Number of protein chains: 4
Amino acid sequence: MEERAIALLHCPDKQGIITEVTGFITKNHGNIVYLDQYVDTIEKHLFMRLEWELESFLIRREDILNEMNSLFAEKYAMDVSVYFSDERPRMAIFVSRMSHCLYDLLARYRAGEWEVDIPCIISNHEDMRDVADQFGIPYYVWKISPDKSNREEVEKAEMDLMKKERISFIVLARYMQIISDDLIARYPHHIINIHHSFLPAFIGAKPYHQAYERGVKIIGATSHYVTNELDAGPIIEQDVVRISHKDTPDSLVLKGRDLEKIVLSRAVTKHIERKILTYKNKTVIFN
Amino acid sequence: MEERAIALLHCPDKQGIITEVTGFITKNHGNIVYLDQYVDTIEKHLFMRLEWELESFLIRREDILNEMNSLFAEKYAMDVSVYFSDERPRMAIFVSRMSHCLYDLLARYRAGEWEVDIPCIISNHEDMRDVADQFGIPYYVWKISPDKSNREEVEKAEMDLMKKERISFIVLARYMQIISDDLIARYPHHIINIHHSFLPAFIGAKPYHQAYERGVKIIGATSHYVTNELDAGPIIEQDVVRISHKDTPDSLVLKGRDLEKIVLSRAVTKHIERKILTYKNKTVIFN
Amino acid sequence: MEERAIALLHCPDKQGIITEVTGFITKNHGNIVYLDQYVDTIEKHLFMRLEWELESFLIRREDILNEMNSLFAEKYAMDVSVYFSDERPRMAIFVSRMSHCLYDLLARYRAGEWEVDIPCIISNHEDMRDVADQFGIPYYVWKISPDKSNREEVEKAEMDLMKKERISFIVLARYMQIISDDLIARYPHHIINIHHSFLPAFIGAKPYHQAYERGVKIIGATSHYVTNELDAGPIIEQDVVRISHKDTPDSLVLKGRDLEKIVLSRAVTKHIERKILTYKNKTVIFN
Amino acid sequence: MEERAIALLHCPDKQGIITEVTGFITKNHGNIVYLDQYVDTIEKHLFMRLEWELESFLIRREDILNEMNSLFAEKYAMDVSVYFSDERPRMAIFVSRMSHCLYDLLARYRAGEWEVDIPCIISNHEDMRDVADQFGIPYYVWKISPDKSNREEVEKAEMDLMKKERISFIVLARYMQIISDDLIARYPHHIINIHHSFLPAFIGAKPYHQAYERGVKIIGATSHYVTNELDAGPIIEQDVVRISHKDTPDSLVLKGRDLEKIVLSRAVTKHIERKILTYKNKTVIFN
């Protein structure tokens, strides 16, 4: 596989930006293998994803971001990120007591479906240690005391681990604790959560019981980036399944599990492939 | 088509009820052609729908409900309704300014898809008169004055019409006015509304704009019986369609129209077929 | 609404084409309001759709296609089509005896959902004349004699009508006759059919009965461009609905109707918006 | 959990059967906790599933089947099967080289989602041994020689293992070998396969490539019981996912994996719960 650069960029829309950006890459002998752009005609904002081969590219990879910023950042009020295909993101998994999302993530990882490293799994319970052991991934438990008095200490330890392991993004695989504002601030739009409802319906605790009480005919699951407001971050992916009056809260939990794991893993896939841009609490998802 | 009786009944679950009810029909020479029952194991409540041919049935049709009530109502705290296949329900349509649901209802009616009569269409605007004329259905307009001072008078006129036309149930085909408590009380769980969101998400006005603002990846529509609480009645049917960041409020409105008309018509079909039981603000829908 | 030009083009993929094409428009003072392109990395083929405002555009609209052809056609082996936003396509509907697709098309037309004219409806039966009359659209019936001896004559008459009415594309709204090769040749990838199955399953007659016999758990509908091979042309849109063992061929027909009309109308929408490119018996559908 | 008996039965439909069968259980002091029946009005055939508590039941569990047969089998031409809630079915998994379905099955098994035992995993390749080891399940490999000369010998060994392990049903988790008629005969409608297409479309090899070639807009997966005819056995469950012209055969394979594992596991769930009846190459699936 050829080494490639990936640029994600967005800015207020103006004539000629696409021509100029693609021209910059072509002129420097980059072979563009992926180009997708989208103009939000309401916000008048342009979003773009480019991928090009680096073999004959005249600019050194460590200079690409600077070069693009100096050319476009100020001129177009453009936000640019640059990634490289040979840099595997490092993903931390947070989990509590349920195994279905964790298994789904690890099975894909083991099958080589993702270009990602998973250096650690973090939990507030011992329950999932066996699963981590099955896959040979270090498992860290920090229990939150009932009075939550050790919370700060735990978060400090978690953040030290994230730093030590050079974690690029975090996946909450049905992790039943609130994430601290500090951790969110360190990983802005880089913490992916799965909420077991079709958001914004049934925010908060026990969504399947809420769905049962309301008598809905369809349930859903939602993966989103974590922000400071509960279950209100940018939505990455949703899916649904039809239910009926015959379903109980227990059967909803079972049906929902399949949704949760698939919807979470789809979001993780898009994140790993650097195909998500966030803007004004929404996501732009490239194909 | 053989003349048939349809019984919808529900009661606290007890051993032997199914045996006893089916026995009653068989013993009186009724040929059961449809039997579906469902036990809600959480509420411990039994729901049942029966359909049998009347040709050789020993009980006169005007006595069936009384007979079943005298046998079962007190003994089992059973709620019984009896309908007959040759009694076409009479449906009134309320509409405001949008034609998509109205056309869908009338096209099915004209195609003979439903065993129903539609003696009138009611509106607060003139806009849909042409459509009513196309199908030769009387169209009544009562405009609500800006200060809503004539509201009571309008409702009185509407109720008189419902009475005169012996309306059995009402369909709100994107009718943008609040239904009065009096009308709801006269048609308990017999007024079907279509709400253009996946309830309980986006209750109230402009749900597509709310969906756009929230950045959801799927939108829905919900048909439900009208109760005194806004958009909170028993849900009959829901469906959804996938959207993307490329959708604008306008494109959501267009995509949503197809959902709305299909989801409303599915609910109307079930209602006409007497396949819906309501219990504790939920529906049991028989196949 | 500003007058706009729309270009649909495709060619073998090469570096710099996007830059060059967008450059051509920008240089001539065209304001690009829509740009979407897609590279098929397997076929190494580029597909592109552009829309730009004509107000200040330096090239006269009657010269645009020539200009683009002279610049790109030979150089890039590019296929170019140019349309204008103020040219409403003229659509002919062919129908047999079922009204659901016809009503869905006409209701959208009447509601102003489409920028299209419908000068005529053609049938081999009288059944749908009432519906055409409801909407005030001329209805032409040519009956095919049982021995099909008048077939050539009928086709001749139909083609004369198409010509006289300057028909741009044809929609088969459950039209149960084979379309002649001549008509197909005159409207290559401009005749849209709805097949009532999830193609390529259940090609040919009575697909719902075939689906019932096979015991599938989901049924579908497929809209596609008509080619000389039965039910084998480029697929535009498909959708499905879940069924169960409780469904009969009759209930499948009813459930399928809703699919058919929605799937057909979605295809017509995309065609009218000039958002479909065909290549090697497949479609590229722009958003 | 109370010990319960489960009866699955079907027979030509006649008046009074439900009354008689439920009467038999009630009379013998069985407390019915589940009753679902379905009458195929075309085949005029009755299907029924009953579950009742055995605590006070007057008939010994080893005599129930005989008793029901003597009462109903001849009288109604009824086919009766009886199971007990405390008898865990024993499931064998056959797998080749892909892990996604295998992981999904084993993760559910480990999470306690199913009342089942998995005594062995059989393969024609070594690839999945690691996964079996992760879960501590014996893994047997019998390689088929290129000339297939050892086929009979392998099948003999497999059947001996099935017998020794008292296997009740077999799950083919993307097992890429033809199952012998002998094994099928020994497990009639007790071998569950997952086919990676929306059957009957794309029977046989490489369905994703076939789907890509045909240009479909939706792909599917189908779980079915294995019969002597390839991919033609009774369908248990199907599901689909929307694709677009942007998908390649490779991306279809990835999207399809999620379908395959979910659709296979749903079928396994229904089989374990004894909620499937087969009749005339179709399935009746109870809720």
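Note that this is a predicted model, so its numbers are computed, not measured. Atom set for the values below is all heavy atoms of this structure, side chains included, hydrogens, waters and symmetry mates excluded. In what follows, every chain begins at residue 1, and chains take the letters A, B, ... in the order their sequences are listed.
D:I203 does not touch chain C: none of its heavy atoms, backbone or side chain, sits under 4.5 Å away. Only the side chain of D:K282 comes within contact range of chain C, judged by heavy atoms closer than 4.5 Å. Both the backbone and the side chain of D:Y212 come within less than 4.5 Å of a heavy atom in chain C. Interface remark: D:T222 contributes no atoms to any contact with chain C (heavy atom separation under 4.5 Å).
Residues that satisfy the salt bridge (charged side-chain N to carboxylate O under 4.0 Å, His left out) test with C:K275, not counting sequence neighbours, are C:E273.
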side-chain contact (heavy atoms from CB on, under 4.5 Å) between D:V240 and C:I218, intermediate numbers included = CA-CA 9 Å; D:V240 297; C:I218 287 173; 4.2 Å; yes

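Of the listed residues (D:Q210, D:R214, D:E237), the greatest number of heavy-atom pairs within a distance under 4.5 Å of chain C belongs to D:R214. When D:E213, D:H224, D:K280 are compared by the number of non-hydrogen pairs under 4.5 Å with chain C, D:E213 comes out ahead. Chain C forms more heavy-atom pairs under 4.5 Å with one residue of D:G220, D:P234, D:A232 than with any other, namely D:A232. Interface remark: of the candidates C:T41, C:N281, C:V216, C:V216 forms the most heavy-atom pairs closer than 4.5 Å to chain D.
Using non-hydrogen atoms only and a strict 4.5 Å limit, the part of residues 244-255 of chain C facing chain D consists of C:H245, C:K246, C:T248, C:P249.
The main-chain N or O of C:Q238 is found under 3.5 Å from a side-chain atom of D:R242 such that the two form a donor-acceptor pair.
Atoms CD1 and CZ, on C:I219 and D:F198 in that order, are 9.0 Å from each other to the nearest 0.5 Å.
For the residue pair D:I236 and C:K217, the shortest heavy atom distance occurs at O-CE, 3.5 Å.
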